[in-house]
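Notes follow once the structure below has been shown.
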Amino acid sequence: VSVAVIIFTGLLLLPFAAYKKMRKKRLKKFEQQLPDVLVMISGALASGSSLNMALQSVMLEQEAPISQEFMLFVREQRLGVEFDTSMRNMERRIPLLDFSMFAAAMRISREVGGDLGEVLSTLADTLRRKSSMEGKIDALTAQGRMQGIVMTGLPILLGGLLYGLEPVAMSKLFTTPIGWGVLSVIFVMEVLGYIFIKKITSIDV
């Protein structure tokens, strides 16, 4: 029964975990593409193109996911949706600080004017520097993250080895109330330990 409950719980949580991972991967790729897109828009504006033409060139020449997001934006504009509303819709789909800065620059430029191309070029340079710093931090904290994975998996590995050596003694963990309590405590401590290590090695720039 306990094995069935574990399998059922895993199958119940697996789609949510897969969706979260795919969404995180998509946002990460969007974040990596954004500086190049800002330079592209800035160059198009400097050559005399309108903002709509610059956004359409992003839609046609860039890869997914950023081309898909700008395609939705351009389509909303063609349907008559207000610029600010379309930008807010895009912000809801892309909850990234980097993109929020881009959206703020676009709104300010439309409201008070100014050289949008120069602003976007400066923002692109800032985002590239930020990305470089994040890469250095990831490299420095990689060992800590690996230690967290090893320390989390080590008790499970040792438990499996002990069960193979002493199945009768270890079976009490799965067949008695005291064993269930011990497993519950181990599970909670494992999760808390992994969360704490992940928090320590996760540094926001």
Using the test side-chain contact (heavy atoms from CB on, under 4.5 Å), find all partners of [X] that sit at least two apart in sequence or belong to another chain.
| X | value |
| --- | --- |
| L183 | L173, F174 |
| S57 | M40, E61 |
| S184 | none |
| S100 | E91 |

Can you find a heavy atom in the side chain of [X] that is under 4.5 Å from one in the side chain of [Y]?
| X | Y | result |
| --- | --- | --- |
| P65 | Q33 | yes |
| R23 | L27 | yes |
| M90 | F99 | yes |
| D98 | L123 | no |
| R78 | V74 | yes |
| L127 | M101 | yes |
| F83 | L51 | yes |
| R88 | E82 | no |

List, by chain and number, the other hydrophobic cluster members for [X], where Ile, Leu, Val, Met, Phe, Trp and Tyr join if side-chain heavy atoms come within less than 4.5 Å, directly or indirectly.
| X | value |
| --- | --- |
| V185 | M189 |
| M146 | V150 |
| V191 | F187, I195 |
| L165 | none |

**Prompt:** Residues two or more places apart in sequence or in another chain: which of them pass salt bridge (Lys or Arg N to Asp or Glu O under 4.0 Å) with E190?
**Reply:**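 E190: no salt bridge (Lys or Arg N to Asp or Glu O under 4.0 Å) contacts found.
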[Y] reachable from [X] in the ILVMFWY side-chain graph, under 4.5 Å edges:
| X | Y | answer |
| --- | --- | --- |
| M59 | L55 | yes |
| L162 | I186 | yes |
| M106 | L72 | no |

**Item:** Donor-acceptor contact present, side-chain T122 to main-chain E118, <3.5 Å
**Value:**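 Answer holds: yes.
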**Asked** Would you find a donor on one side and an acceptor on the other, under 3.5 Å apart, between the side chain of T175 and the backbone of S171?
**Response**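 Flag set: sc T175 to bb S171 pair under 3.5 Å.
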**Request:** Output every pair passing salt bridge (charged side-chain N to carboxylate O under 4.0 Å, His left out) with a member in residues 65-76, not counting sequence neighbours, ordered by first then second residue.
**Result:**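 As it turns out, the salt bridge (charged side-chain N to carboxylate O under 4.0 Å, His left out) pairs with a partner in residues 65-76, which skip direct neighbours, are R26-E69, E69-R93.
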**Message:** Going by salt bridge (charged side-chain N to carboxylate O under 4.0 Å, His left out), name the pairs with one or both residues in residues 150-179, residues two or more places apart or in two chains.
**Reply:**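 Found none.
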**Asked** Just wondering, are more than 12 heavy atoms of other shown residues or ligands nearer than 6.0 Å to CD1 in I178?
**Response**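 Atom CD1 in I178 is not crowded, with 12 or fewer foreign heavy atoms closer than 6.0 Å.
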**Item:** Residue R107 excluded, over 12 heavy atoms near CZ under 6.0 Å
**Value:**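 It does: R107 CZ has more than 12 such atoms within range.
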If you measure from [atom1] on [X] to [atom2] on [Y], what distance do you get to the nearest 0.5 Å?
| X | Y | atom1 | atom2 | answer |
| --- | --- | --- | --- | --- |
| I94 | M87 | CD1 | CE | 11.5 Å |
| S131 | L34 | OG | CG | 10.5 Å |
| T126 | R129 | OG1 | CZ | 7.5 Å |

**Message:** Would you call the rings of F70 and F102 parallel, tilted or perpendicular, taking 30° and 60° as the class edges?
**Reply:**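 Perpendicular.
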**Of all pairs that satisfy side chain to side chain donor-acceptor pair (under 3.5 Å), the ones with a partner from residues 34-55, not counting sequence neighbours** =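 Every pair satisfying side chain to side chain donor-acceptor pair (under 3.5 Å) with a residue in residues 34-55: D36-R128.
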